[in-house]
Novice: 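First, the structure itself, so that you have it in front of you.
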Amino acid sequence: MKKIFALILAILMVASLAACGGSNDATTADDSKPELVMGTNAAFPPYEFYDEDGETIIGIDAEIAQAVADKLGMTLTIKDMEFDSLLTAVQSGAVDIVFAGLTVNEERKQSVDFSMTYATGVQVIIVKEDSEIATVDDLAGKTIGVQAGTTGDIYCTDEFGQENVKQFTNGALAVAALQNGQVDCVVIDNEPAKSFVASNDGLKILDTEYAVEDYAAAISKDNTELTAKVNEAMEALKADGTIDKILAKYIKAE
Ligand code: GLN
């Protein structure tokens, strides 16, 4: 009796696995779905970075964009490019949407539309553990490393002069320059800062918030229909807890 029961159970399991496989096999259906092309700079952990395989872009933005695409019945494709070409790419239609830990500001609002905001970013200052820099005011006259085109770059250039600011194509290169003494500090968003400090010895983040900002996705001003659809999807993902769950997965409470 037991044996027969086990056999029936086994048959049922195989049958249900087959059924699952069938319904998951959406490769052909995917081809017919419209594409949502996202531009990002995948050197900004935990918002966007490469998985250990070195090929897949993962992170908060990748997951939120995937959830938005799923809601809209679209297939997500992610294009990795330099941070300072992202807004041009979305304006020219090379990508449909930018998710890049992108800060909302007035200047950018002139050239693109922003979605609802989904996270907060804080510009912080990374220094060597034995640095004499302790506050924002101490940055005067120092050489500051930034990621080109970011809000950190804009603030520091405005406040301390272009001659004191060294631009790098990504945060990791700016941090490497801090390690080898080319710059005295790096101004960058807090979450990537934490990740860079964790993976580099002898660095610390100053306990001072240089600027608090909102992150949102950017879409072309010519594509108001997509902006409306993305906002609707993001609002639903906020309401049902998906966005908060994704944030909590990558940002551990202190
Ligand atoms: N939040 C910053 C900005 O929008 C940096 C974003 C980034 O480097 N990916 O300028």
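Whatever order the structure lists ligands and atoms in, that order sets their numbers, starting from 1. Start at 1 with the first residue, then count along the sequence.
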Novice: Verify whether one side chain among Asn41 and Gln147 offers a donor that lies under 3.5 Å from an acceptor in the other.
Specialist: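 Side chains of Asn41 and Gln147: pair found under 3.5 Å.
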Novice: State plainly whether one hydrophobic cluster holds both Tyr215 and Ile243, where clusters connect Ile, Leu, Val, Met, Phe, Trp and Tyr through side-chain heavy atoms under 4.5 angstrom apart.
Specialist: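 Yes, it is one cluster - the side chains of Tyr215 and Ile243 are joined through contacts under 4.5 Å.
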Novice: Under the side-chain contact (heavy atoms from CB on, under 4.5 Å) rule, collect the residues that match up with Asn105, sequence neighbours excluded.
Specialist: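 Expected list: Glu107, Arg108, Thr151, Ile154.
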Novice: Mind checking whether Phe44 and Phe99 have ring centres under 6.0 Å apart?
Specialist: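 Phe44 vs Phe99: aromatic centres not under 6.0 Å.
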Novice: Whether Lys71 and Glu232 form a salt bridge (side-chain N of Lys/Arg under 4.0 Å from carboxylate O of Asp/Glu) is what I want to check.
Specialist: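 Looking at Glu232 and Lys71, the cut-off is not met.
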Novice: Is it the case that Glu191 and Tyr250 place a side-chain donor and acceptor less than 3.5 Å from each other?
Specialist: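 Not at all, the side chains of Glu191 and Tyr250 share no donor-acceptor pair under 3.5 Å.
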Novice: What does the contact table look like for ligand 1 (nitrogen or oxygen on each side, cut-off under 3.5 Å)?
Specialist:
residue  : atom   : partner : partner atom : Å
ligand 1 : 1 (N)  : Gly101  : O            : 2.8
ligand 1 : 1 (N)  : Thr103  : OG1          : 2.7
ligand 1 : 1 (N)  : Asp189  : OD2          : 2.7
ligand 1 : 4 (O)  : Thr103  : N            : 2.8
ligand 1 : 4 (O)  : Thr103  : OG1          : 3.2
ligand 1 : 4 (O)  : Arg108  : NH1          : 2.8
ligand 1 : 8 (O)  : Gln147  : OE1          : 2.8
ligand 1 : 9 (N)  : Ala100  : O            : 2.8
ligand 1 : 10 (O) : Arg108  : NH1          : 3.4
ligand 1 : 10 (O) : Arg108  : NH2          : 2.8
ligand 1 : 10 (O) : Thr151  : N            : 2.8

